[in-house]
Amino acid sequence: VLLAVVDPGVGGRRRAVAVEADGRFYIGPDNGLFELVCRRAKSVRGWDIVWRPESLSPSFHGRDLFAPVAARFALGGPDMTMLRATEITRFCEWPDDLPEIVYVDHYGNAMTGLRATALPVGVRLAVAGRVVERARTFSDVRPGSAMWYENANGLAEIAVNAGRADVAFGLTVGSPVAILA
Amino acid sequence: VLLAVVDPGVGGRRRAVAVEADGRFYIGPDNGLFELVCRRAKSVRGWDIVWRPESLSPSFHGRDLFAPVAARFALGGPDMTMLRATEITRFCEWPDDLPEIVYVDHYGNAMTGLRATALPVGVRLAVAGRVVERARTFSDVRPGSAMWYENANGLAEIAVNAGRADVAFGLTVGSPVAILA
Amino acid sequence: VLLAVVDPGVGGRRRAVAVEADGRFYIGPDNGLFELVCRRAKSVRGWDIVWRPESLSPSFHGRDLFAPVAARFALGGPDMTMLRATEITRFCEWPDDLPEIVYVDHYGNAMTGLRATALPVGVRLAVAGRVVERARTFSDVRPGSAMWYENANGLAEIAVNAGRADVAFGLTVGSPVAILA
């Protein structure tokens, strides 16, 4: 049972949903947060969450709505009295991979939205006008040198061994990344 | 059992106390941290914590003193051998509501010390020379627009839908907030 | 069982080790992270971790290698089938104490690498061209005044009562600290 919340429309018209994808349950807003989960799953079922707590803050459904549902599911299995079958909203036009920096971590490593396994062998990445070669791990390049590597989540990530890629390249969330064959 | 520590006087003359307010136990410094809890409770009892650990850092009573007491209480109920009845120091001159920004969260939302339920209907708030209308939740205003709303803790909070209120208004902890009838 | 990871060489040639020092187990990289633990222990034994998971990210041994070993040890005691006896790499030239700022905390307190108990009574510390006297705890000096004190980990720490030592002195990790007899 996974509870996930990225929810700028909290308290508005977007629906609250549960998704079963390949045997896992996802609880959260129906705003596309589960799109890639659904797209890559073999089997998908969806439900509206019809249960409501006694007190529901319009700005914190993570606490008041999603968490109690996820807790109930985690403890006793899915409680169908809380749900009503529905079709999850799909966002088929969204890309499978996003050629941008999607996250900068505490150390300045810049994660892209590109799956490393979806990139051809020998590919280089270009960010901020510079070209970065692939490496296997940080210590494969000299301290201070940049590389991209398949990070522990399977995504291509720009990094500097013993340094900060965000500072070295001026990267931030949304910076474009180009794939050089 | 709640352990709370905001404790600039740690290791100094302020007492270490336990408070029972409406059936809940609070463990921490006797510096006013529990003033509003006591003020709003129907029944209040207080104790000095007379128990001392073998080793007590003068700068970290949260770890060395309060945590063991709270853990003991949480596991086996209040242990009166650790306590001696006392009157908690009261701070009656402190206001019930504080017309200031008291916290800025990770997303730039600026929480005030004003209870939303204590504000008349239709009230607007003024911060940094600008006037903000009330909304129910973020998505009730256009992206980039500001509003104030009753946050999930019951306090009035200044926010910008899909933006940062702290940056938009130049707000920081201590910025004054005015109530416009 | 302690899992510790500061591991710039992750996925490279450094070994993965387990150390038993005075009855405690430490799991992590063989890069000196356990040097001071070994140096101060009465008895030390070392092992290479020879177990490998099915899938091992070259950049996240904390998750894929060290955590499963530590979890196994924590649940059922050390599993010698995962280990092979070895000598841990020692770094005997490293100092016992480091006269530098080694950490700046959330509040701007600047921790040195000097054990307070290793400093003579009455010692003053000099940082950034200024001299700081010892105090027992924050509230022993006036708000806004600086002092050094034995922090809750036993290290000398530069602090300003109700202020930020990092800002007041321009301190950052690596700033030198001098001991004035």
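Excluded from the calculations below are hydrogen atoms, water molecules and symmetry mates; all remaining heavy atoms, backbone and side chain alike, are included. Since this is a predicted model, take the numbers as computed values, not measurements.
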inquiry  = Run A/Ser145 and A/Asn161 through side-chain hydrogen bond (donor to acceptor under 3.5 Å, both in side chains) and show every step you take.
reply    = CA-CA 6 Å; A/Ser145 290; A/Asn161 185 15; over 6 Å; no
task = Start with the C-alpha gap between C/Thr137 and C/Ser139, add the side-chain angles, then the distance that decides, and say whether side-chain hydrogen bond (donor to acceptor under 3.5 Å, both in side chains) holds.
result = CA-CA 6 Å; C/Thr137 189; C/Ser139 57; 5.0 Å; no
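Contact annotation for A/Glu150: only backbone heavy atoms (N, CA, C, O) come within less than 4.5 Å of a heavy atom of chain C. Looking at C/Arg63, the atoms closer than 4.5 Å to chain A (heavy atoms on both sides) all sit in the side chain, from C-beta outward.
Note on A/Arg14 versus A/Asp7: salt bridge recorded, some NZ/NE/NH1/NH2 to OD/OE distance being below 4.0 Å. A salt bridge does not link C/Arg52 to C/Asp64: none of the charged nitrogens lies less than 4.0 Å from a carboxylate oxygen.
Put simply, of C/Ser59, C/Pro8, C/Ser55, C/Gly9, the one with the most heavy-atom pairs under 4.5 Å next to chain A is C/Ser59.
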